[in-house]
Peer 1: 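Let me give you the structure first, and then I'll get to my questions.
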Number of protein chains: 4
Amino acid sequence: MTENSGFVVDRETHDKLVALRRDFHRYAETGWQEFRSASKIVTELLRLGWQVEYGPDVIDADTRMGVPDEGILSDAEDRAISQGADADLVAQMSGGFTGAVATWDTGKPGPTIGFRFDIDANDLHESTNDSHFPASEGFASINDGAMHGCGHDGHTSMGLVLAAVLAKRGEDFSGRVKLIFQPAEEGVRGAQSMVSAGVVDDVDIFIATHLGTGPELGEVVCGAKNHFATTKFDVDFTGQAAHAGVEPEAGRNALVAAATATVNLYAMTRHSGGDSRVNVGTLSAGEGRNVIARTAKLRVETRGRTSAVNEYLFDRAQKIVAGASTMYDVDATVTKVGEALGADPSAELCDFLHEQFSLVEGVETIHNTIGGGGSDDANTMITRVKDRGGLGAYMVIGTTLPSGHHTEKFDIDEISLDIGLATMVNAVINAGNFTITSQ
Amino acid sequence: MTENSGFVVDRETHDKLVALRRDFHRYAETGWQEFRSASKIVTELLRLGWQVEYGPDVIDADTRMGVPDEGILSDAEDRAISQGADADLVAQMSGGFTGAVATWDTGKPGPTIGFRFDIDANDLHESTNDSHFPASEGFASINDGAMHGCGHDGHTSMGLVLAAVLAKRGEDFSGRVKLIFQPAEEGVRGAQSMVSAGVVDDVDIFIATHLGTGPELGEVVCGAKNHFATTKFDVDFTGQAAHAGVEPEAGRNALVAAATATVNLYAMTRHSGGDSRVNVGTLSAGEGRNVIARTAKLRVETRGRTSAVNEYLFDRAQKIVAGASTMYDVDATVTKVGEALGADPSAELCDFLHEQFSLVEGVETIHNTIGGGGSDDANTMITRVKDRGGLGAYMVIGTTLPSGHHTEKFDIDEISLDIGLATMVNAVINAGNFTITSQ
Amino acid sequence: MTENSGFVVDRETHDKLVALRRDFHRYAETGWQEFRSASKIVTELLRLGWQVEYGPDVIDADTRMGVPDEGILSDAEDRAISQGADADLVAQMSGGFTGAVATWDTGKPGPTIGFRFDIDANDLHESTNDSHFPASEGFASINDGAMHGCGHDGHTSMGLVLAAVLAKRGEDFSGRVKLIFQPAEEGVRGAQSMVSAGVVDDVDIFIATHLGTGPELGEVVCGAKNHFATTKFDVDFTGQAAHAGVEPEAGRNALVAAATATVNLYAMTRHSGGDSRVNVGTLSAGEGRNVIARTAKLRVETRGRTSAVNEYLFDRAQKIVAGASTMYDVDATVTKVGEALGADPSAELCDFLHEQFSLVEGVETIHNTIGGGGSDDANTMITRVKDRGGLGAYMVIGTTLPSGHHTEKFDIDEISLDIGLATMVNAVINAGNFTITSQ
Amino acid sequence: MTENSGFVVDRETHDKLVALRRDFHRYAETGWQEFRSASKIVTELLRLGWQVEYGPDVIDADTRMGVPDEGILSDAEDRAISQGADADLVAQMSGGFTGAVATWDTGKPGPTIGFRFDIDANDLHESTNDSHFPASEGFASINDGAMHGCGHDGHTSMGLVLAAVLAKRGEDFSGRVKLIFQPAEEGVRGAQSMVSAGVVDDVDIFIATHLGTGPELGEVVCGAKNHFATTKFDVDFTGQAAHAGVEPEAGRNALVAAATATVNLYAMTRHSGGDSRVNVGTLSAGEGRNVIARTAKLRVETRGRTSAVNEYLFDRAQKIVAGASTMYDVDATVTKVGEALGADPSAELCDFLHEQFSLVEGVETIHNTIGGGGSDDANTMITRVKDRGGLGAYMVIGTTLPSGHHTEKFDIDEISLDIGLATMVNAVINAGNFTITSQ
């Protein structure tokens with residue numbers, strides 16, 4: 001059913017993957033601030049002849065979550081330009097519309113295959129220790145407080161080299177290919193806004209890809225499952241300050257409201273639909289020891305094995321907050337700052353990816369699936385594609401890690417980029433046959 | 001200013017006080033069920049020539065609190081009749097309208113002086129031990145679960161003998177006298193309904209009297225203060241049961257709502273207007289170990305040094321309950337089952353009572369005031385009288401106690417009845433002078 | 001590998017199954033009080049020629065949980081005798097040692113196959129409505145408050161008829177058979193004490209059987225999984241009473257300790273090892289509205305997808321209780337009243353049972369497994385058998401239910417007894433081949 | 001009994017009061033950092049011929065509370081020297097021993113009269129608005145974050161001018177005078193360490209003085225009462241971080257421990273010994289939204305109408321914290337950072353001060369007492385003096401305030417300095433007579 005031999009990454013292509021990955025690594029940008037990254041992506045895609053949309057055309061303004069304040073965004077735009085971004089493109093993405101979608105239409109009948117590449121960095125201070133490869137090789141992040149500690153630099157690099165490879169091999173595949181460069185995956189803030197903009201509505205086969213997250217170099221996973229659906233939200237309580245000794249009754253205590261909300265958030269009844277989590281990660285309240293606290297802020301997340309379980313918890317959480325607000329006569333606002341649905345991979349697509357992996361040099365072990373306690377808003381895209389009748393899977397390319405994800409010494413083995421790229425090229429070339437026979 | 005010599009209780013009068021007290025003791029009836037007691041009071045007052053009102057005329061139906069269920073009241077009516085109550089009177093007080101007010105109008109100018117006598121017994125099983133005087137003398141309560149463990153039998157006796165004495169001495173005083181026989185003081189349930197019926201609206205000088213509560217025989221107190229204002233209320237939460245293992249999300253948990261309400265009720269901010277108390281005395285919730293609890297019930301009280309402080313707490317408590325209800329998506333109802341205001345004695349009236357005490361045989365020590373942590377809804381009457389420009393005080397007649405108030409071996413020294421009666425007679429006789437000079 | 005044809009239940013055998021089931025149903029006895037049931041079981045097994053152990057020989061006294069008070073047990077013994085139990089046997093099981101184990105040793109080489117039959121009834125008042133089959137047929141429980149609402153009457157009946165069938169067919173099988181009649185499965189109180197007595201230590205193949213729990217008549221399940229491991233426990237808090245108005249500081253408040261323990265029990269962090277549950281089913285605290293509560297009692301359960309998860313929760317729960325006790329300076333005791341481990345079925349045994357089911361008349365659908373939110377302490381036995389190298393499975397015989405388990409109108413379709421019995425007979429006859437080839 | 005005419009503040013003395021007050025105001029220093037202030041005080045007292053002790057001789061190291069970190073103290077020392085402090089004196093007070101005690105012994109028989117002057121400023125940013133008198137007159141604080149917002153600059157000034165006046169009038173009084181310059185009254189951190197050093201152990205008549213706090217200019221108070229006894233403490237919880245989705249059970253949650261401690265701290269049972277307060281003023285916990293929180297910090301205070309009530313609450317609070325720590329398996333430390341006892345004024349001393357006030361020009365209204373909801377650790381000194389048989393009172397000198405205590409525009413009317421000084425001089429001169437007659 002598939003071709004006998006797969007795509008082989010040559011030296012030149014490997015060097016290109018590495019060079020791009022290191023460039024994005026050096027100029028790391030966190031969520032909604034990826035102005036230089038997105039500018040470079042758009043420029044390169046246009047140069048390769050892809051049809052490119054970006055900015056508000058692919059990012060729905062109303063469903064973005066956890067967008068930084070204007071001042072921060074404005075500073076990020078200036079920095080991006082000073083680091084080589086195209087000022088016109090930055091202007092078109094101003095305000096944090098830092099995503100792009102590239103389409104290649106072969107004009108031949110066939111499915112639309114979409115790939116998601118997340119492009120944002122983490123809120124981390126990268127290690128400057130010589131034992132850290134990016135530091136010793138001189139491509140550690142120069143943007144303080146931003147570091148590619150999750151491998152998205154590699155994702156972005158694979159996306160652009162995939163674009164370059166396909167641009168030369170239009171004859172070898174049919175249907176359409178969409179490359180989706182998503183901002184703000186960290187905090188699961190970005191995918192919903194691209195879904196709302198309709199970016200995946202015409203995708204028949206959707207593949208999200210992640211480097212690392214468990215398996216070693218040489219191991220790959222067709223379709224991870226058991227990602228939690230999750231909602232991230234902030235709660236702000238506002239009461240009234242008063243002297244705690246002289247006139248306590250004049251106060252309305254935001255701190256005790258936050259404390260009782262916290263305990264009761266953890267106490268929410270569980271759901272038979274699957275395992276779940278609740279966490280109040282931070283609580284900050286009060287102005288002084290002898291003052292009834294006027295303000296309190298919680299940073300919270302719920303997670304559920306299914307979107308329904310998570311939805312149940314978030315609904316319950318809002319009632320807990322409302323109740324605490326009533327109890328202590330304080331105002332409370334709940335602000336959603338991130339959300340990812342849960343999704344299981346399509347079994348047929350997993351089988352298809354298994355075949356593509358088997359054609360790739362360096363792949364030693366192919367897992368059908370792995371579980372896990374994390375979340376990724378690629379699942380929001382997968383859910384949308386499946387809801388419309390398409391197939392989706394979350395592919396994992398193993399890489400041996402010197403230090404875990406989201407740590408200051410995180411690094412990937414750059415050989416994993418070759419594996420990921422080759423698998424994607426195979427998938428595109430073989431997608432036509434797959435879809436025709438299996439759907 | 002006052003006459004030189006006070007009223008002296010002779011042997012016959014003393015015997016009458018004792019006989020009546022023991023009769024009421026033997027046929028103890030708890031709040032809103034005092035059908036025999038009230039019947040006997042009304043019959044005796046009418047016999048003595050007083051103008052008597054009783055039943056719904058002196059008890060406002062809408063502001064009664066903590067009234068027992070109909071079945072209990074009906075049984076109490078039957079029992080009262082079987083124990084000698086007048087069936088017609090019981091019928092007129094049917095449903096728990098067990099109060100009476102007697103008025104004597106001299107026709108001469110002068111103030112209206114009112115006395116409050118509470119007539120209900122406690123929810124206690126009286127000791128049958130020979131060391132307990134009522135048991136060894138054969139006048140212990142024959143009504144199981146009802147016992148005069150607070151001295152109200154003595155109060156009632158003093159009220160009736162006062163009526164008898166004054167009926168013979170109409171020449172010796174002026175103005176008007178009102179004798180107020182109040183049901184359901186225990187649980188502070190009855191006074192409000194008599195206030196609402198207007199019973200004290202024409203009273204210029206109001207005197208509540210209590211036997212015991214601290215001082216020994218021979219000690220008396222002109223005007224106790226620092227009684228707490230208090231509200232007694234029940235909270236009922238109703239949710240939805242569900243199997244705790246199989247489908248917990250189908251439940252709405254009344255038990256955890258009650259638990260979080262409880263902790264937060266205790267946590268209510270205090271008030272600079274004075275000391276306060278909160279107590280959740282009982283909590284009963286749930287149907288089975290593996291079932292999400294459908295129901296929960298709390299019995300609660302708030303207390304404040306002033307009526308305003310207590311009102312603040314009760315208002316806050318209702319918000320706590322509403323918040324817990326919102327948190328766990330359960331219904332909640334708050335039912336007020338008792339309430340007493342707080343009141344300080346009128347200084348002029350204390351001075352007046354000091355003089356009356358000084359004329360009484362057996363009085364050795366006269367305290368101007370004492371404090372305390374208890375509550376009495378006579379203060380609701382005092383508040384009303386003072387609000388309308390009158391004077392009020394809560395007089396205490398000490399008596400040496402073998403066992404504390406509200407215990408199964410509580411008993412009074414019957415000599416204290418003489419002291420109380422004599423003081424009241426003096427007050428009536430001297431009230432004319434007092435009021436004329438001091439108001 | 002297995003014989004070509006399975007055991008067929010003839011009319012006489014069916015009638016015997018029905019008669020026994022209805023007898024046990026009529027004389028329903030709850031956990032640790034099954035004196036008549038156990039007496040009848042022992043008598044019948046001895047009659048059939050089985051080697052029988054019972055009472056303290058098969059029930060370890062120290063690891064029994066949730067045993068009723070002596071008075072209750074004593075009354076149950078009297079009732080059992082009055083309802084036909086053998087007085088000598090009852091005396092030997094006195095104090096609640098109401099279990100029995102029957103062994104048949106063929107003397108031929110082969111595995112030891114064990115079956116668990118739980119014999120206790122539920123704390124239910126059985127419906128007397130004519131629409132309820134046991135009521136209209138006249139075999140509804142005559143023991144008020146005890147009802148076979150879970151099918152254990154059928155389990156017991158199948159166990160005794162299995163004993164009868166095998167007693168006649170000793171030639172047809174090899175190895176040994178153990179029939180384990182367990183008391184007090186409801187509340188998961190009994191299995192541990194039989195495991196502690198060593199009852200399953202020599203069992204190679206262990207089969208627990210349950211009628212109902214989901215599948216319809218004609219459906220069967222080889223090995224249910226995802227039963228929760230669970231611990232049932234009571235918490236008693238004891239403080240010091242005090243007048244809540246007069247001297248609150250003299251009290252130590254058991255009610256608020258129980259309330260804060262409750263909220264925090266629900267708030268326990270979850271475990272990545274699998275889904276879990278916590279429930280505080282009942283809370284009962286306090287003596288009166290104006291008294292600082294001296295006592296409080298919670299009835300609690302934890303559940304976890306694995307024994308480790310449940311153990312984690314129970315450990316955390318004990319810390320929550322200890323902390324609440326420290327907070328409010330009250331004493332607290334935690335009493336374990338039930339416990340079941342979690343266990344997955346052995347895959348080889350499921351395959352074997354699949355074959356046995358396929359030989360049974362009336363079996364239409366064979367499920368390899370089903371999940372579920374309940375618990376059964378048969379899993380404690382399965383865990384023990386597997387830990388010692390044996391195989392275990394929890395077999396389910398579907399039956400169409402007019403009303404769910406643990407309801408007052410629960411009933412089984414008696415045809416399901418035939419299916420269960422036939423499967424067990426097949427299993428015994430074919431066990432020799434199975435074990436020889438598969439172990 | 002007292003002299004007929006009191007001390008009159010002349011123009012030169014008034015100017016001196018004003019000049020000193022403004023100097024201390026300009027160089028405001030907060031608690032334990034008053035190196036320049038104390039240096040200037042010591043230098044001046046030595047110049048005037050008083051016997052002076054300072055540094056560790058009058059400050060017990062072990063009972064100081066709320067002392068800042070070494071780095072902060074070291075910076076404060078440097079700043080003090082740069083602002084004119086004597087480097088040798090600063091060295092002797094190094095580490096925050098910034099108190100001084102001056103003694104004048106007349107050699108004549110008579111009581112020892114002691115005055116407490118607190119010298120520290122508040123953690124406030126002083127207003128630079130022209131409507132603020134210190135700003136428009138150019139003596140606003142030049143030390144950012146430190147401002148005399150409570151009048152201690154005036155207290156210090158009165159203390160030094162009192163020293164100057166008495167140094168010239170040694171003939172006019174008998175016995176001994178002690179002037180106690182106390183650091184760190186804000187946060188009630190300093191008095192205990194001076195009491196522990198024995199500073200008030202030989203004082204017969206102890207007078208604390210405060211400007212402002214309610215009464216207007218011309219009003220004075222002989223002895224304020226109902227200051228709350230108070231304890232200020234920090235609670236630090238330390239647990240273990242873990243990923244809240246992947247492995248929550250590996251964490252130990254300091255945030256939820258802090259939250260449940262908070263609610264239960266507010267829920268502590270009250271005390272019949274008098275009104276009380278609890279406040280958790282600030283709560284800061286956690287590291288990130290998806291991380292089980294490792295750390296949490298509370299800033300708490302308890303207050304009681306009496307020292308016993310406050311002690312009860314602080315004892316209960318420690319149990320609440322210990323219980324929360326047990327519940328969530330986290331470490332907890334309670335650090336006392338401030339404490340003041342409660343004390344009522346000695347009635348005889350109030351009478352004496354009434355007489356002294358009556359001799360002072362500008363005094364229009366003399367209140368015997370006022371109540372209040374605040375706290376002052378001068379009461380720790382008063383308690384010590386009274387416990388040893390002496391007399392103590394907390395004198396208040398009213399002053400009309402443009403803005404409340406502890407606000408950025410607080411200011412005193414400098415005429416109040418004259419009133420305070422004159423009263424103290426009178427007290428010293430008349431103390432001999434007073435003590436001889438009244439003790």
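Protein chains get the first letters and strands the later ones, always in sequence-line order, with residue 1 at the start of each.
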Peer 1: Got more than 12 heavy atoms from elsewhere within 6.0 Å of CD, D:E219?
Peer 2: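 Counting other residues, nucleotides and ligands, CD of D:E219 exceeds 12 neighbours.
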
Peer 1: Just wondering, are more than 12 heavy atoms of other shown residues or ligands nearer than 6.0 Å to CD in D:Q240?
Peer 2: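 Yes, enclosed.
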
Peer 1: Select one option (side chain, backbone, both, neither) describing which atoms of D:S276 are under 4.5 Å from chain B's heavy atoms.
Peer 2: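 Contact with chain B is through the backbone of D:S276 alone.
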
Peer 1: Roughly how far apart are D:T269 OG1 and B:N279 CG, rounded to 0.5 Å?
Peer 2: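 Answer rounded to 0.5 Å: 8.0 Å.
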
Peer 1: At their closest point, which heavy atom of B:R277 faces which heavy atom of D:R270, and how far apart are they?
Peer 2: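 What the structure gives for the nearest pair is NH1-CB, 4.5 Å.
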
Peer 1: What is the minimum heavy-atom distance between D:V263 and B:V263, and which atoms define it?
Peer 2: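 Between these two residues, the closest heavy atoms are CG1-CG1, 3.5 Å.
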
